[in-house]
Engineer: 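Sending over a structure as structure tokens; questions will come in a sec.
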Amino acid sequence: MFLRKISGIFPAGFGLRLSQKFIFLLFLSGFITLCFGTLFLLPDTSKFKRIFLSSAHNQNVEKLHSYAGKKMSKKTVEDQKSIIHNSQHEKWKSKDKFNMDVPSLGVKANNNDKADKEEVFINKEHIIAQKDQLKSTFDFETFRKNLKYPPMGSEHEPKDIEMQEKRKKVKEMMMFAWNSYKQFAWGENELRPLTKDGHFGSLFGGLKGATIVDALDTLFTMGLKEEFDEAQKWIETSLDLNVNGEASLFEVNIRYIGGLLSAYFLSGKEVFRDKAIGLGNKLLPAFSTPTGIPRGIINLGNGLTWSWGWASAGSSILAEFGTLHLEFVQLSELSGNTIFTEKVNGIRKLLSKIEKPHGLYPNYFSPVSGNWVQHHVSLGGLGDSFYEYLIKSWLMSARQDNEAKNMYYNALEAIETHLIRKSPGGLTYIAEWRGGILDHKMGHLTCFTAGMFALGARDAPAQKRDHYMELAAEIANTCHESYARTDTSTCCFQKMIYFH
């Protein structure tokens, strides 16, 4: 229409030439946009982003070599550069050697001992893991006998009728979720409830079945044996660790390794232990930084690591590198390989010694310089589970990990002094701290602190125990009010609560 309106102003034939040029340029623009979009949306985007990000990554490599040069000879540094450039990777490459290949589960072989000579499956991952176990003294049966409480709890139903009904309802809802996932998205990472199909996602580096692994402990503790066995079979035959994609170190640890370890300690099934150790080995290159603080993303195929693009100045995130300790300590116990514990203890030692603004832990930390990048403190997203893992490390160590205990209670003192406030309406909240200025809002994720304060109250100094329980109740009440006061016609809950 626009071309038709202007055609009368110009000589005959001009509109046709303009129209042809316009169509050609439009086609060319669309083609270029499609090409660039394809490069950045393909599964293994790191292969293509290097074309456009090489300059920035070359600077990062130079920073690493500059740091390494302080401790290594010139020849060693040049060897490191050669390794990186020869492999044609611009991202951070570990100076250590890690075997990223894990023999896949389900390799067929003939069993001559059976009369019918049927084909059976040999679990090669189990064989590999057994080599790691040579120095391990962990015995599952001894562990099970020494448990103070059985994993399944009491075998008898509670006498309280209301409690029976609640338990029954919770179990029904779990079965509804599980059966829906099984029907519409079995083997995928997530179920999309509206479109009723599976979603692969981009956080797990090509690993599949995140929902299956994450649900194992719930299935077991609810006594859903048939469903648990079904999940175990899928893991034995279909959970392939030999993938080549970009994964979140944090998500793979808490979903997969955490889920597999929980399933092993509940059931004693070796397949869960073997898979957890195999996957743990694939995460180790992420720790090969000048400070030992791991980066947030790792390619599970080649071991290259880098930080999130949105993280300031290539920072690592407190809630991510601070949420590895529980799983990695258990990996060392089950494998006999101390490297897992050494890696997370290195993080702990560094955080314990480094200067902290007013005793607070900012959310952004440079894995290269070893300094805080931004003085932004939050007990919600970016910071939350770091504090959770401190108190749980103390408890899971049979109250022997005094370093974790001291770090937790010292942090709690600083949080109460600088972040915890009460609104004009009487609601207790935990504000965010930005370079000395309080931001009077509390993120939805911060609501977990109510449970954390209650969990740690028992081991607090005697004069603080009741106080922390009261504080936990106040935070829980604030979060309850945030739900109760939400306009449900527009939203189901508020992700951020603002106080004035």
Side-chain angles (χ1 to χ4, degrees), residues 189-190 201-204 210 214 246-255 258 286 293-298 306-327 347 351 356-358 360-367 372-392 407-408 411-412 414-416 418-421 427-453 455 472 475-476 478-483 486 491-499:
N189 286 327
E190 300 168 337
S202 59
L203 293 175
F204 305 118
D214 215 7
E246 304 168 2
S248 162
L249 174 72
F250 166 75
E251 292 289 347
V252 169
N253 179 65
I254 65 170
R255 309 288 178 197
I293 299 294
R295 292 184 177 82
I297 309 174
I298 181 169
W306 59 101
S307 299
W308 294 103
W310 49 263
S312 300
S315 300
S316 295
I317 306 302
L318 179 68
E320 295 193 340
F321 65 79
T323 309
L324 302 168
H325 205 96
L326 296 177
E327 291 84 359
I347 296 173
L351 292 181
K356 294 169 277 291
H358 301 291
L360 299 169
Y361 291 85
N363 294 333
Y364 297 92
F365 188 89
S366 171
W372 303 113
V373 175
Q374 286 186 6
H375 284 185
H376 172 219
V377 179
S378 166
L379 266 72
L382 306 179
D384 48 11
S385 49
F386 162 70
Y387 305 95
E388 172 195 353
Y389 268 45
L390 287 178
I391 187 60
K392 288 184 176 178
M407 288 176 69
Y408 172 76
L412 198 51
I415 289 165
E416 188 164 13
H418 299 287
L419 302 183
I420 295 181
R421 296 291 184 267
L427 295 176
T428 301
Y429 63 96
I430 306 175
E432 297 187 7
W433 190 80
R434 298 178 184 273
I437 301 175
L438 272 188
D439 192 358
H440 293 273
K441 64 181 182 181
M442 186 171 82
H444 167 73
L445 294 178
T446 312
C447 290
F448 91 98
T449 56
M452 182 179 74
F453 293 159
L455 184 66
I475 294 294
T478 298
C479 293
H480 173 269
E481 290 299 306
S482 75
Y483 280 90
T486 297
C491 179
C492 54
F493 63 88
Q494 293 178 227
K495 289 186 177 180
M496 192 70 67
I497 313 163
Y498 294 89
F499 300 89

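Because the structure is predicted, anything quoted here is derived from the model rather than measured. Hydrogens, waters and symmetry mates are skipped; everything else that's a heavy atom, side chains included, is used. Note that the numbering runs from 1 along the sequence shown for the chain.
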Engineer: List the residues meeting ring pair (Phe, Tyr, Trp, His ring centres under 6.0 Å) with His375, not counting sequence neighbours, and say none if there are none.
Structural biologist: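 Here no residue qualifies.
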
Engineer: For a quick test of reading the model, state the closest non-hydrogen atom pair linking Ser315 to Val373 and the distance between them.
Structural biologist: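 Closest heavy-atom pair between Ser315 and Val373: OG-CG2, 3.1 Å.
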
Engineer: For His480, give me all partners under ring pair (Phe, Tyr, Trp, His ring centres under 6.0 Å), at least two apart in sequence or on another chain.
Structural biologist: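 Partners of His480 under the ring pair (Phe, Tyr, Trp, His ring centres under 6.0 Å) test: none.
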
Engineer: Got a sec, which residues hit side chain to side chain contact (heavy atoms under 4.5 Å, CB included) with Ala476, two or more places apart in sequence or on another chain?
Structural biologist: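 Per chain and number, Ala476 pairs via side chain to side chain contact (heavy atoms under 4.5 Å, CB included) with Ala450.
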
Engineer: Output all residues satisfying salt bridge (Lys or Arg N to Asp or Glu O under 4.0 Å) with Glu190, sequence neighbours left out; order by chain, then residue number.
Structural biologist: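 Glu190 satisfies salt bridge (Lys or Arg N to Asp or Glu O under 4.0 Å) with no other residue.
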
Engineer: Leu427: what forms a side chain to side chain contact (heavy atoms under 4.5 Å, CB included) with it, not counting sequence neighbours?
Structural biologist: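 Per chain and number, Leu427 pairs via side chain to side chain contact (heavy atoms under 4.5 Å, CB included) with Ser423, Asn477, Thr478, Glu481, Arg485, Phe499.
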
Engineer: Return the set of residues passing salt bridge (Lys or Arg N to Asp or Glu O under 4.0 Å) with Lys392 (not counting sequence neighbours), or none when no residue passes.
Structural biologist: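 Here the qualifying residues are Glu388.
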
Engineer: How would you list, by chain and number, every residue that makes a side-chain hydrogen bond (donor to acceptor under 3.5 Å, both in side chains) with Ser312, sequence neighbours excluded?
Structural biologist: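 side-chain hydrogen bond (donor to acceptor under 3.5 Å, both in side chains) check on Ser312 returns Gln374.
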
Engineer: Given side chains that start at C-beta, do those of Leu379 and Asp384 come closer than 4.5 Å, heavy atoms only?
Structural biologist: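 The answer is no, as the side chains (C-beta and beyond) never meet within the 4.5 Å cut-off.
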
Engineer: Taking side chain to side chain contact (heavy atoms under 4.5 Å, CB included) as the test, write out the residues that go with Ser378, two or more places apart.
Structural biologist: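 Side chain to side chain contact (heavy atoms under 4.5 Å, CB included) check on Ser378 returns Asn363, His376, Glu432.
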
Engineer: Can you list the residues that meet the side-chain hydrogen bond (donor to acceptor under 3.5 Å, both in side chains) rule with Asn253, with sequence neighbours excluded?
Structural biologist: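 Asn253: side-chain hydrogen bond (donor to acceptor under 3.5 Å, both in side chains) contacts with Glu327.
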
Engineer: Closest heavy-atom contact between Arg295 and Leu249?
Structural biologist: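 Closest approach of Arg295 to Leu249: O-CD2, 3.6 Å.
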
Engineer: Kindly write out the residues that satisfy ring pair (Phe, Tyr, Trp, His ring centres under 6.0 Å) with Tyr361, not counting sequence neighbours, or none if the list is empty.
Structural biologist: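 In terms of ring pair (Phe, Tyr, Trp, His ring centres under 6.0 Å), with neighbours along the sequence ignored, Tyr361 is linked to Phe386.
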
Engineer: Suppose we screen for side chain to side chain contact (heavy atoms under 4.5 Å, CB included). Which residues come up paired with Thr323, at least two apart in sequence or across chains?
Structural biologist: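 Phe250, Ile254, Ser385, Tyr389.
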
Engineer: Would you call the rings of Tyr429 and His440 parallel, tilted or perpendicular, taking 30° and 60° as the class edges?
Structural biologist: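 Rings of Tyr429 and His440: perpendicular, as their planes differ by over 60°.
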
